[in-house]
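I have placed the structure first, in the form of structure tokens, so that the comments after it can refer back to it.
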Amino acid sequence: MGEQIHEGGCYCGAVRYRVSGPPRRVGACCCRWCQRRTGSVLGLSVYFEASDFAYLQGELRHFGLTSGSGRSIETDFCPTCATTVGWTMEAEPGAKGIAGGTFDDPTLWQPQRFVFTRTKPGWLSACDAIPAYEALP
Ligand SMILES: [Zn+2]
Ligand SMILES: [Zn+2]
């Protein structure tokens, strides 16, 4: 995959970042933290080498919490619009987690695994059977 550069940012644009190289891992996650930080039922977690990650602009605030597996996480969020842009996890040394939906192209990443399926709603597996529209009809 070689030199890949991808950029993204928070909702209001105050925080921008860039990552290079292929991700270490991409996961779909239904843990209660991902559900609460996104306000949705799943999060897309894209992990890069911490050294391949850089903020281009923005001052971030941090919040410390305990994950669903009892390890510590420090989140990085925009103080203006409160978007969680990324995080650092005790369970993932040397890596920077990026919230997949914050990339300028959020369709880039294909998860390799699903975690915390104990809180995954059953209807997610039935998505293809639900009527779908490219935008709101
Ligand atoms: Zn923002
Ligand atoms: Zn999660």
Side-chain angles (χ1 to χ4, degrees):
M1 304 286 270
E3 267 310 294
Q4 301 172 32
I5 305 278
H6 299 291
E7 295 187 0
C10 67
Y11 173 75
C12 78
V15 176
R16 296 285 304 162
Y17 64 80
R18 170 182 291 168
V19 288
S20 59
R24 236 190 219 201
R25 192 176 68 244
V26 183
C29 184
C30 284
C31 81
R32 296 295 290 133
W33 173 60
C34 284
Q35 291 177 335
R36 287 189 166 112
R37 74 180 168 78
T38 62
S40 184
V41 293
L42 73 100
L44 193 62
S45 311
V46 191
Y47 291 95
F48 289 86
E49 300 303 320
S51 53
D52 290 338
F53 173 89
Y55 283 108
L56 300 173
Q57 73 178 39
E59 305 237 338
L60 294 162
R61 295 194 57 190
H62 306 285
F63 182 76
L65 63 129
T66 301
S67 77
S69 41
R71 320 280 278 279
S72 68
I73 303 177
E74 186 179 71
T75 66
D76 313 315
F77 64 95
C78 173
T80 305
C81 71
T83 302
T84 298
V85 171
W87 56 86
T88 305
M89 295 182 78
E90 180 189 0
E92 200 65 49
K96 184 75 185 173
I98 308 289
T102 66
F103 283 91
D104 291 343
D105 180 358
T107 66
L108 285 170
W109 315 110
Q110 166 81 43
Q112 294 139 352
R113 65 180 198 177
F114 228 123
V115 292
F116 284 98
T117 55
R118 66 189 181 200
T119 41
K120 177 185 173 195
W123 60 260
L124 263 182
S125 350
C127 271
D128 286 346
I130 299 172
Y133 307 91
E134 202 169 290
L136 194 64

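Whatever order the structure lists them in is the order used to number ligands and atoms, beginning at 1. Residues take their numbers from the sequence shown, with the count starting at 1.
Cluster membership for Tyr47 and Phe53, using ILVMFWY side-chain heavy atoms within less than 4.5 angstrom, is not shared. Under a hydrophobic-cluster definition in which Ile, Leu, Val, Met, Phe, Trp and Tyr are linked whenever side-chain heavy atoms come within less than 4.5 Å, directly or via other members, Tyr55 and Met89 are assigned to different clusters.
Residues Ile98 and Tyr17 form a side-chain contact, since some pair of their non-hydrogen atoms from C-beta on lies under 4.5 Å apart.
A tilted orientation is assigned to the rings of Phe48 and Phe103, their planes being inclined by 30° to 60°.
Around the Zn ion (ligand 1), the protein N, O or S atoms found under 2.8 Å comprise Cys10 SG, Cys12 SG, Cys78 SG, Cys81 SG.
Between the Zn ion (ligand 2) and Cys34 there is an N/O/S contact shorter than 2.8 Å.
Applying the 4.5 Å side-chain rule to ILVMFWY residues, one finds that Tyr133 remains a lone member of its cluster.
Asp104 and Arg18 are not joined by a salt bridge, as no carboxylate oxygen comes within less than 4.0 angstrom of a charged side-chain nitrogen.
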